[in-house]
Amino acid sequence: MSVVTTVLKVSLFMALAGLLVNYWLANKQYVFTKEDVAEIARQYAGQDHEQAFNNIVVELRKRYPGHILPDEDLQWVFVNAGGWMGSMCLLHGSLSEYVLLFGTAVDTGGHSGRYWAEISDTIISGTFRQWKEGTTKSQLHYPGETLVHGVGEATAVQWSSGTWMVEYGRGFIPSTLGFALADTLFSTLDAMTLLQTAHIYCKALLLETWGTLEHYGLLW
């Protein structure tokens, strides 16, 4: 088999897989909406971020029972990606959605990444500076504002120390993991962070799987 034939087959397979995933994303039912998540987060914008996060988790559990990880599984994990360093606490994760708390205790910034997903961030405290591709000026955003990062977009991002936010992502979530874990794999070589990230995401996937099986009466 020639190299050209192999490349053509791989390209065809990837194109077909992409079409199937897009069809699935366009026709599936989602648990969350970015408007609902942002609405809940904005109620606590400007408050102490730790107390705000506690209240937000309670509100999310009330509105989306069975879809938010229990307290014993909530864990802050470092994230190194695009040259920046932050920390996240995953609340919900599936193949098509995630909700997490995110922020940084130090000034940091870098590349946003491009994703096969739409990501929205609602700022609780601090400032979030964004420089959009194709422009020559950046914009500074404050608590209470929600920024939407569209599918395939890329920006430069910069967070001041003490910036904390609530993030919701919708799309093909496994496609975001390459960027999210690249610096950990090839720069920091932090195996512990890698294992923690994989462990908590798997717990979130299991929670959604069991919930789906229970919903359709497939559990005895």
Side-chain angles (χ1 to χ4, degrees), residues 32 34-61 63 68-69 71-93 98-113 115 117-133 135 137-150 153-169 176-177 179-184 187-188 190 192-194 196-197 200-201 204:
F32 303 85
K34 63 185 177 186
E35 292 81 10
D36 281 349
V37 175
E39 177 193 355
I40 291 171
R42 274 195 296 269
Q43 296 179 65
Y44 304 99
Q47 299 183 14
D48 172 76
H49 70 275
E50 291 186 340
Q51 185 59 51
F53 284 161
N54 288 336
N55 291 331
I56 288 166
V57 171
V58 170
E59 290 291 330
L60 286 169
R61 286 203 177 111
R63 191 169 300 192
I68 303 298
L69 286 165
D71 285 343
E72 59 266 25
D73 290 331
L74 299 185
Q75 179 182 7
W76 284 98
V77 179
F78 277 139
V79 183
N80 290 89
W84 48 262
M85 184 172 184
S87 185
M88 72 166 186
C89 178
L90 186 67
L91 306 180
H92 168 89
Y98 71 79
V99 180
L100 55 81
L101 311 175
F102 174 82
T104 176
V106 299
D107 295 332
T108 190
H111 193 288
S112 66
Y115 306 106
E118 180 185 79
I119 297 170
S120 60
D121 291 290
T122 301
I123 305 169
I124 301 299
S125 64
T127 60
F128 183 170
R129 183 177 293 277
Q130 188 181 60
W131 173 23
K132 292 188 176 182
E133 185 177 25
T135 69
K137 293 182 179 180
S138 65
Q139 290 185 309
L140 191 61
H141 301 273
Y142 299 92
E145 293 187 62
T146 299
L147 290 74
V148 179
H149 184 98
E153 291 182 357
T155 68
V157 294
Q158 184 181 64
W159 300 288
S160 61
S161 61
T163 298
W164 300 95
M165 61 189 69
V166 180
E167 182 169 294
Y168 169 63
T176 69
L177 297 178
F179 174 80
L181 297 175
D183 282 7
T184 300
S187 178
T188 65
D190 185 354
M192 182 61 70
T193 292
L194 179 63
Q196 289 174 335
T197 303
I200 196 62
Y201 183 51

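Note that the numbering runs from 1 along the sequence shown for the chain.
- Side-chain contact between Asp121 and Val166 is absent, with no heavy-atom pair separated by less than 4.5 Å.
- Minimum heavy-atom separation, Ala38 to Thr146: CB-OG1, 3.6 Å.
- Counting heavy atoms from C-beta on, the side chains of Asn80 and Asp190 never come closer than 4.5 Å.
- Looking only at distances, no side-chain donor or acceptor of Ser187 sits under 3.5 Å from a matching main-chain atom of Thr184.
- Atoms CD and CD, from Glu39 and Glu59 in turn, are 9.5 Å apart once rounded to the nearest 0.5 Å.
- With contacts defined as side-chain heavy-atom distances shorter than 4.5 Å, the pair Leu69/Ile200 qualifies.
- Checked against a 6.0 Å centroid threshold, the rings of Trp159 and Phe102 count as neighbours.
- Within 6.0 Å of the CD atom in Gln43, the count of heavy atoms belonging to other residues, nucleotides or ligands exceeds 12.
- Contact check for Ile124 versus Ile56: side-chain heavy atoms found under the 4.5 Å cut-off.
- Taking every heavy atom of both residues into account, Ser125 and Gly162 meet most closely at OG-O, 2.9 Å.
- Relative ring orientation between Phe32 and Tyr168 is described as tilted, the plane-to-plane angle lying within the 30° to 60° band.
- The distance from atom OG of Ser138 to atom NZ of Lys132, rounded to the nearest 0.5 Å, is 12.0 Å.
- Atoms OG1 and CD, from Thr127 and Glu145 in turn, are 10.5 Å apart once rounded to the nearest 0.5 Å.
- Between Ser87 and Trp76, the shortest heavy-atom contact is OG-CE3, 3.3 Å.
- In this structure, CZ on Phe78 lies 8.5 Å from OG1 on Thr104, to the nearest 0.5 angstrom.
- Here OH of Tyr142 is found 11.0 Å from OG1 of Thr163. Values are rounded to the nearest 0.5 Å.
- Ring pair Tyr115/Phe179 is perpendicular by interplanar angle, where above 60° counts as perpendicular and below 30° as parallel.
- One finds a salt bridge joining Arg61 and Asp71 here, because a Lys/Arg side-chain nitrogen approaches an Asp/Glu carboxylate oxygen to under 4.0 Å.
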Worked check of side-chain contact (heavy atoms from CB on, under 4.5 Å) between Asn54 and Val58:
CA-CA 6 Å; Asn54 288 336; Val58 170; 5.8 Å; no

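- By the 4.5 Å heavy-atom criterion applied to side chains, Glu118 and Lys34 are counted as neighbours.
- Checking Thr122 against Arg42 by side-chain atom types alone, no donor-acceptor pair falls below 3.5 Å.
- Side-chain atoms of Trp84 do not come within 3.5 Å of backbone N or O of Gln158 as any donor-acceptor pair.
- You'll find the side chain of Thr155 stays beyond 4.5 Å of the side chain of Glu133, heavy atoms only.
- Residues Gln130 and Leu147 meet the side-chain proximity criterion, which asks for heavy atoms closer than 4.5 Å.
- Residues Ser112 and His149 meet the side-chain proximity criterion, which asks for heavy atoms closer than 4.5 Å.
- Between the side chains of Tyr98 and Glu167, at least one donor N or O lies within less than 3.5 Å of an accepting N or O.
- Distance CG/Leu101 to CG/Leu74: 8.0 Å, rounded to 0.5 Å.
- When every heavy atom of Gly103 is checked against every heavy atom of Trp164, the shortest pair comes out as CA-CE3, 3.2 Å.
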